[in-house]
K.L.:
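Supplied in structure tokens, the structure appears directly below.
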Amino acid sequence: MRVTLLGTGDTTGTPTVGCDCDTCETARERGIERTRFSVHVENERTGESLLIDFSPDFRTQFLRDGVSLPDAAIVTHIHFDHLDGLGNVFRVFDALDLYAANETDPKTGNSVAETVREDYHYLEMLEIHPTTPLEPVEICGFDVTLVPVDHPPLICYGVAIEDPETGAKLSLSGDTSYDIPDPSRECLADPDLLLADAIVPAHLCEYHPMGGRHENDDGVPRTFGTKHMTREGALDLADELNAEQTRLVHLAHYYPADEAFEEPLAVDGEQYDL
Ligand SMILES: [Zn+2]
Ligand SMILES: [Zn+2]
Ligand SMILES: [Zn+2]
């Protein structure tokens with residue numbers, strides 16, 4: 001299993017357009033990018049590949065990293081930075097299998113699969129597979145499970161991807177607070193690589209109108225506001241899931257410049273062989 005981190009940034013990316021903060025300036029100087037979230041997973045046994053989320057930076061990412069166009073894809077939730085790159089498949093793909101959860105979101109009255117079908121009705125090459133969370137499905141020769149996470153007000157899913165032949169396992173937290181339900185944690189446990197949402201360091205919670213929550217024993221918040229994990233929350237999750245290796249993703253330019261490029265914060269283009 002070859003994993004390529006196509007997009008490691010939050011919804012504005014780093015550098016952020018029009019921003020001259022020290023972090024964005026440092027990224028420009030060093031030629032570092034954190035575009036909007038997407039992960040490419042190649043099955044080297046079958047030659048197939050699976051894309052997690054359609055970043056608005058889809059075209060730039062595929063040109064830059066030279067990975068193959070996917071045979072199948074998953075949409076974790078309907079936020080702009082994860083879905084709105086889907087229009088890029090128009091006149092590029094002849095066929096694409098798209099997997100998304102089939103549970104109705106009380107907020108929208110639709111499942112993720114239904115929203116994709118309605119918003120992208122003109123993409124006739126899409127074969128949409130409404131998928132039941134917590135039940136593995138075979139995609140590109142992998143056992144893939146969507147797991148509910150906590151990203152109010154929308155429903156959102158993490159993903160566990162396992163190669164049944166080699167035992168290699170990738171887990172992604174999805175966009176989530178620290179409050180991931182236990183059945184989902186069980187599915188995500190013991191990965192070779194964990195990609196965990198860590199939008200900002202915990203010390204920035206004082207700037208969020210709702211502060212932080214899910215504090216650890218030292219009072220450090222593991223959730224920023226209500227929607228995302230802090231760096232500390234993501235690292236605690238990695239410990240609890242017994243992750244062999246962890247990369248923090250979905251990172252905002254609000255990380256101070258002296259913390260923004262430290263380990264284990266990911267940057268675009270990183271590649272892992274599991
Ligand atoms: Zn900035
Ligand atoms: Zn989101
Ligand atoms: Zn996001």
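Ligands are counted one by one from 1 in listed order, and the atoms in each one are counted from 1 as well. The residues of the chain are indexed from 1 along the displayed sequence.
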K.L.:
Can you tell me the angle formed at the Zn ion (ligand 2) by NE2 of His77 and NE2 of His151, to 10°?
P.N.:
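Taking the Zn ion (ligand 2) as the apex, I get 100° for this pair.
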
K.L.:
Does a salt bridge link Glu240 with Arg185, judged by any charged N lying under 4.0 Å from a carboxylate O?
P.N.:
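Arg185 and Glu240: salt-bridged.
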
K.L.:
Test of geometry: compute the angle SG(Cys19)-the Zn ion (ligand 1)-SG(Cys21) and round it to 10°.
P.N.:
100°

K.L.:
Please determine, by modelled atom types, if Ser111 and Asn102 share a side-chain donor-acceptor pair under 3.5 angstrom.
P.N.:
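There is no such pair between these side chains.
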
K.L.:
Taking both backbone and side-chain atoms into account, decide whether His79 has an N/O/S atom under 2.8 Å from the Zn ion (ligand 2).
P.N.:
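Coordinating: yes.
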
K.L.:
Could you check which N/O/S atom of His250 is closest to the Zn ion (ligand 3)?
P.N.:
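Considering only N, O and S atoms, His250 comes nearest to the Zn ion (ligand 3) through NE2.
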
K.L.:
Measuring from the Zn ion (ligand 3), name the closest N, O or S atom belonging to Asp175.
P.N.:
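Answer by atom name: OD2.
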
K.L.:
In terms of ring plane angle, is the pair His214 and Tyr178 parallel, tilted or perpendicular, where the classes change at 30° and 60°?
P.N.:
tilted

K.L.:
What do you get for the angle at the Zn ion (ligand 1) between SG on Cys24 and ND1 on His253, to the nearest 10 degrees?
P.N.:
100°

K.L.:
Quick one: the NE2 of His82, the Zn ion (ligand 3), OD2 of Asp81 angle, rounded to 10°, please.
P.N.:
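Value returned, to the nearest 10°, is 90°.
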
K.L.:
Taking both backbone and side chain into account, is any N, O or S atom of Asp197 nearer than 2.8 Å to the Zn ion (ligand 3)?
P.N.:
no

K.L.:
Using the six-membered ring wherever Trp is involved, compare the ring planes of His151 and His79 and label them parallel, tilted or perpendicular (cut-offs 30° and 60°).
P.N.:
perpendicular

K.L.:
Which atom names give the shortest non-hydrogen contact between Pro70 and Leu96, and what distance separates them?
P.N.:
O-CD1, 3.6 Å

K.L.:
Could you tell me how the ring of His208 sits relative to the ring of Phe224: parallel (under 30°), tilted (30 to 60°) or perpendicular (over 60°)?
P.N.:
perpendicular

